[in-house]
Every structure is written in structure tokens, then in C-alpha cells.
Protein chains: 2
Amino acid sequence: MGEEYFDLLVYIAKEKGLFNTLKSSTSKIANEMKVSQQTISRKLRDMEDLGLIKREVTPNGLSISIADGGRAVLKKNYLELEEIFKEKKLVLKGIIEKGIGEGKYYMSMKQYQQQFKSKLGFDAYPGTLNLKVNKVEVMGFLSSLEPVIIEGFTTKSRTYGSLTCYKIKINGIGGAIVIPERTRHEEETLEIIAPVHLRSKLNLKDGTVLRVKS
Amino acid sequence: MGEEYFDLLVYIAKEKGLFNTLKSSTSKIANEMKVSQQTISRKLRDMEDLGLIKREVTPNGLSISIADGGRAVLKKNYLELEEIFKEKKLVLKGIIEKGIGEGKYYMSMKQYQQQFKSKLGFDAYPGTLNLKVNKVEVMGFLSSLEPVIIEGFTTKSRTYGSLTCYKIKINGIGGAIVIPERTRHEEETLEIIAPVHLRSKLNLKDGTVLRVKS
DNA sequence: ATTACTATGTTGCGAGTAT
DNA sequence: TATACTCGCAACATAGTAA
């Protein structure tokens with residue numbers, strides 16, 4: 001292939017862009033790229049043969065510009081990487097888990113409820129749906145969403161931490177993923193809130209596969 | 001460095017994104033990338049050692065996901081290429097040349113003038129300013145601009161070809177670069193039109209260096 | 001079927017040096 | 001100074017095959 005020419009092609013393009021001519025020397029480029037002068041000399045000759053660059057040798061240096069072939073290689077790689085980074089995961093898959101009851105407890109606090117209403121736009125049903133998910137998939141899914149911070153508070157009996165929420169849709173119903181402060185990073189269960197009791201409304205059972213969308 | 005792992009990293013990321021796990025086999029990947037099974041096997045092991053991927057070997061295949069190091073490499077390359085492709089040359093430098101008179105001739109045709117007014121937004125002064133420029137710089141400059149096509153027409157005496165125009169600013173005055181149809185590709189002189197006589201308005205003389213902006 | 005070892009090609013790198 | 005040879009060595013790729 002031609003993988004070994006890519007870095008040098010990027011170097012040239014970064015120096016003077018895709019269309020201008022770079023006046024330099026093999027030793028100068030070699031120094032900056034931390035390889036030998038001989039390697040740069042050989043690579044540039046090879047790249048010229050491959051139609052990646054145009055090259056003109058003068059007594060005291062080189063004139064290098066990127067040829068159509070080189071631009072094509074750069075663009076191909078750019079588009080591939082753009083595809084990778086611009087792709088945002090729109091659906092998260094998980095399996096319904098038996099709730100452990102804690103969600104119901106803190107969900108009922110009016111200090112949280114008021115913020116759910118004002119920041120998420122709905123009165124949350126007092127309880128959470130637990131969804132077992134793949135940790136890395138969650139990262140990809142959440143990374144494209146805007147976090148909504150629900151502030152914590154303290155009562156005379158205990159302290160309630162802040163919550164990070166992400167608005168989602170569950171079978172068309174607007175809800176949110178709720179991640180309590182200081183959740184273990186290895187956590188593989190997400191808690192989901194919604195204005196209705198999702199379990200009965202959507203007839204969900206433990207083990208059901210559920211897809212939520214952003 | 002690690003240039004030889006880049007293509008494989010891109011392959012994995014394209015398959016399943018930056019966060020999901022790819023279940024495949026060394027021979028399947030080798031087939032698709034047109035290298036040997038042994039090479040893929042070795043490279044994946046190396047990439048795991050380098051912290052580019054996470055890898056799990058099972059009796060009937062592999063689970064591969066991209067690690068933080070791999071994401072860093074991909075992102076670095078993405079940002080470099082984005083810089084190269086997103087950089088739009090905003091200024092084009094040239095030297096005022098003596099006009100050859102032809103511009104003035106066709107500029108006065110009302111069939112062109114009507115289109116200048118409707119498509120470029122100004123009545124063009126009947127004459128062009130000739131600017132000697134670097135061919136490759138022109139390509140970089142024009143590639144980021146929207147071409148405006150002025151249709152050709154035929155009179156009883158001759159045919160007037162279509163013109164490709166690019167709106168620009170010359171010292172703050174809105175004008176356009178005009179490239180006649182079938183211009184020689186090696187042409188190094190651009191013709192510029194504007195609503196005023198640029199030469200007198202801007203006190204330009206032959207040999208003056210002029211910068212036009214998009 | 002897998003992955004990955006060993007042995008053997010092949011290619012790339014760079015020190016020395018010619019031009 | 002510059003580019004670009006030659007050539008010894010190291011790195012990479014692959015065929016065969018073990019596990």
C-alpha cells in the first residue's frame with residue numbers, strides 16, 4: 001500500500017496547505033520529522049513516482065507541492081475519520097433489570113422533583129426503571145448528549161447528591177437517564193425516569209430488551 | 001512511531017465506531033485488508049501492547065475495542081486533516097498587469113451586464129483589471145468560493161462563451177473574478193470586474209501588489 | 001474452525017559517501 | 001552546502017504449522 005508515506009504527506013500539507021509550494025530541504029524535513037535525511041530523500045522520490053507530490057530539485061533545496069494523488073489520499077483519510085468522529089450513536093440498547101428500590105426513595109423528594117419539572121420538563125413518576133447496558137456503548141451514546149445537572153441538597157437527616165441527567169425517549173415517551181453523583185465508574189446499570197410508570201405503560205418485564213433514543 | 005497501525009485502527013473504528021466492540025477474526029480482517037492473517041494477528045497484539053486497543057481472544061474469534069490511546073491517535077490525525085481541509089485561503093495576492101483590452105470589449109455587452117447585475121449584484125464597470133497570480137494559489141483560493149455562472153450567448157456576428165465568476169472584495173469594494181469558458185488551464189492572469197474603475201479609484205499602477213479577499 | 005509460533009522472505013532505515 | 005547512491009542491519013510480512 002502506501003501507509004508509510006501518510007505522515008510525510010500530512011507534514012507537507014500542514015506546512016503550506018494543499019496547493020502551495022513548500023521550499024525546504026531533505027535534511028530540514030528529516031530533522032523535524034526525526035528520521036534520516038536519506039529516508040526523506042527516498043520517500044519524496046517514491047511519492048513523486050506514485051503521483052502523490054510534485055518535486056523539483058534545485059542546487060540548494062527542494063520545491064514540493066502536493067499532486068492530485070496526494071490530495072486524494074489526504075481527503076480519503078479525512079472523510080473516513082470524519083465519518084468516525086461525526087457519527088453519533090442515536091440508540092442505546094439495554095436489558096430491563098429488577099429495580100432495587102432506592103430510586104423510588106430519592107425520586108420522591110420534592111427538591112429533586114421541582115428541578116425535574118423545571119430542567120427536564122416533566123413531573124417524574126416516583127420510581128426508576130433500571131436498564132442493564134454495555135459501559136462503552138453508554139459512553140458513546142451519552143457523549144453526544146447535553147448533560148442536565150440536578151443540584152443536590154441536604155435535609156436534617158441526610159445529604160442528597162447532585163444528579164446528571166440526559167434527556168432521552170423511551171418508545172416515544174420523553175424521559176431521562178439519571179446518573180447520581182459519585183456513581184461507580186464501572187456501573188453497568190442505568191436508571192431511567194419518565195413522567196409515567198414505564199414498566200406498566202410499555203408492558204416491560206425483567207429481561208426485556210429496550211432501546212432508548214436521544 | 002506507529003504509522004503502520006493507523007490503517008488497522010481506522011478499519012476497526014469504521015466497523016463499530018470508537019466505543020463498541022468488534023467481534024471478528026484475524027483471517028476475516030486480513031481478507032478485507034488484503035494482508036496475511038499472521039500480520040493482523042501480530043499487529044493486533046502489538047497494538048494492545050501499545051495501548052491502542054483492547055483485545056480478547058476466544059476459541060472462535062476476537063473481541064476488539066479501541067482503547068484511549070487508539071482514540072487519541074485517531075483524533076490527532078482527524079484534527080490535523082481537519083486543519084488542512086478546513087483552512088480556507090481568504091486572501092489572494094497578485095500583481096497588477098497591463099490590460100490587453102479584450103475585457104473591455106466583452107464587458108460592455110448588455111447580455112453579460114444584465115447577468116452581472118442580477119447574479120453578482122452590481123453593474124460592472126466596462127473593463128477588467130488584470131491580476132497576475134500564482135496558479136496553485138488561485139486553486140486554493142477559488143476552491144472555497146461559490147462559482148456564479150454567467151450564461152453565454154450568440155449575436156449575429158459571433159458567439160460569447162459563458163463566464164465563471166467568484167465574488168470577491170478588492171480593498172473593500174465588492175467585485176468578482178471572471179474566468180471565461182475554455183480559458184487555458186495554465187492561465188496565470190485573472191480578470192477582475194467591479195462596479196467602479198478600480199485602477200483610478202484605488203490608484204493602482206502596473207506592478208502594484210494587490211490582495212483580494214473572499 | 002480459531003490464534004499465534006518459527007523460519008524465511010522482503011522492505012525500509014540510516015551511516016557512509018559519491019556527486 | 002545540497003541530493004541521492006550503496007549496503008549492512010533491523011523491522012515488517014508471510015508461509016507453514018503447532019496448539
Side-chain angles (χ1 to χ4, degrees), chain A residues 1-16 20-67 69-70 73-74 76-77, chain B residues 1-16 20-67 69-70 73-74 76-77:
Chain A
M1 57 182 70
E3 200 171 10
E4 75 260 32
Y5 305 118
F6 184 66
D7 277 4
L8 183 48
L9 204 52
V10 169
Y11 170 88
I12 297 166
K14 280 185 78 172
E15 286 294 307
K16 283 287 183 172
N20 295 310
T21 298
L22 169 66
K23 288 176 201 302
S24 186
S25 75
T26 53
S27 22
K28 183 168 182 292
I29 298 172
N31 262 321
E32 297 183 15
M33 296 195 69
K34 298 184 203 306
V35 290
S36 72
Q37 174 268 322
Q38 293 89 336
T39 293
I40 297 297
S41 174
R42 176 179 48 79
K43 282 194 176 185
L44 289 176
R45 275 175 282 134
D46 291 349
M47 286 164 78
E48 186 175 34
D49 290 344
L50 290 168
L52 300 177
I53 61 167
K54 281 172 189 152
R55 189 177 67 101
E56 201 175 352
V57 186
T58 70
N60 55 331
L62 290 171
S63 290
I64 308 164
S65 63
I66 297 182
V73 168
L74 289 169
K76 175 179 158 292
N77 278 278
Chain B
M1 56 182 71
E3 199 171 11
E4 75 262 31
Y5 304 118
F6 183 65
D7 277 4
L8 183 48
L9 204 51
V10 169
Y11 171 89
I12 297 166
K14 279 187 77 171
E15 286 294 307
K16 284 286 184 173
N20 295 309
T21 299
L22 169 65
K23 287 175 201 301
S24 187
S25 76
T26 53
S27 24
K28 184 168 181 294
I29 298 172
N31 262 322
E32 297 184 14
M33 297 195 69
K34 298 183 202 305
V35 290
S36 71
Q37 173 268 323
Q38 293 87 339
T39 293
I40 297 298
S41 174
R42 175 179 49 78
K43 281 194 176 184
L44 289 175
R45 274 174 283 136
D46 291 349
M47 287 164 76
E48 185 175 34
D49 291 344
L50 290 168
L52 300 178
I53 61 167
K54 281 172 188 152
R55 179 171 140 281
E56 201 176 352
V57 186
T58 70
N60 55 332
L62 290 170
S63 289
I64 309 163
S65 63
I66 297 182
V73 168
L74 288 169
K76 173 178 161 293
N77 279 278

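Each chain gets a letter, A, B and so on, in the order the sequences are listed, and its residues count up from 1.
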message: If you compare every side-chain N and O of B/R42 against the phosphate oxygens of C/dC5 (OP1, OP2), does one of them come in below 4.0 Å?
response: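 Answer no for this pair, as no side-chain N or O of B/R42 is under 4.0 Å from OP1 or OP2.
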- prompt: OP1 or OP2 of C/dT2 sitting under 4.0 Å from any side-chain N/O of B/K28?
  reply: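 So the side chain of B/K28 is outside the cut-off, no N or O lying under 4.0 Å from OP1 or OP2 of C/dT2.
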task: May I ask you to say what B/S41 touches in the nucleic acid, namely base, sugar-phosphate or nothing, with a heavy-atom cut-off under 4.0 Å?
output: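 Counting heavy atoms under 4.0 Å across all strands, the contact made by B/S41 includes a base.
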Quickly work out the [X] [atom1] to [N] [atom2] distance and round it to whole Å.
| X | N | atom1 | atom2 | answer |
| --- | --- | --- | --- | --- |
| B/K43 | C/dA4 | NZ | C1' | 16 Å |
| B/I40 | C/dT2 | CD1 | C1' | 15 Å |
| A/E4 | C/dG14 | CD | P | 13 Å |
| B/E48 | C/dT3 | CD | C1' | 13 Å |
| A/K34 | C/dG12 | NZ | P | 24 Å |
| B/L44 | C/dC5 | CG | P | 13 Å |
| A/F6 | C/dG12 | CZ | C1' | 19 Å |
| A/Q37 | C/dC13 | CD | P | 13 Å |

- prompt: For A/E56, does the CD atom sit with more than 12 other heavy atoms under 6.0 Å from it, leaving out its own atoms?
  reply: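 Atom CD in A/E56 is not packed in, count stays at 12 or less.
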- prompt: With nearest nucleotides of DNA chain C determined for B/S27 and B/R45 from heavy-atom distances, which residue corresponds to the more 5′ nucleotide?
  reply: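 Looking at DNA chain C, the more 5' nearest nucleotide goes with B/S27.
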field: Any side-chain heavy-atom pair of B/E4 and A/E4 under 4.5 Å
entry: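 Not touching, per the 4.5 Å side-chain cut-off.
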task: Answer whether the closest heavy-atom distance between the side chains of A/M33 and A/D7 falls below 4.5 Å.
output: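 When only atoms from C-beta onward are counted, A/D7 and A/M33 do touch, with a gap below 4.5 Å.
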Residue met sooner reading DNA chain D from 5', once B/D46 and B/Q38 are mapped to nucleotides: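 Comparing both residues, the 5'-ward one is B/D46.
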message: A/I29 and side chain to side chain contact (heavy atoms under 4.5 Å, CB included): which single residue from A/V35, A/L8, A/I12 fits?
response: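 Exactly one pass, corresponding to A/L8.
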query: Would you say the side-chain atoms of B/E15 pair up with the backbone N or O of B/L22, donor to acceptor, closer than 3.5 Å?
result: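 Looks like no, no N/O pair under 3.5 Å.
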message: For a 4.0 angstrom threshold against heavy atoms of chain A, report the outermost contacting nucleotides of DNA chain D in 5' to 3' order.
response: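 Counting from the 5' end, contacts occupy D/dA2 to D/dC5.
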query: Looking only at heavy atoms, what is the nearest atom pair of B/T21 and B/S65, with distance?
result: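 For B/T21 and B/S65, the tightest heavy-atom pair comes out as OG1-CB, 3.9 Å.
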- prompt: When rounded to the nearest 0.5 angstrom, what is the spacing between CG in A/L9 and CG in A/L52?
  reply: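 Going from the CG atom of A/L9 to the CG atom of A/L52 covers 6.0 Å.
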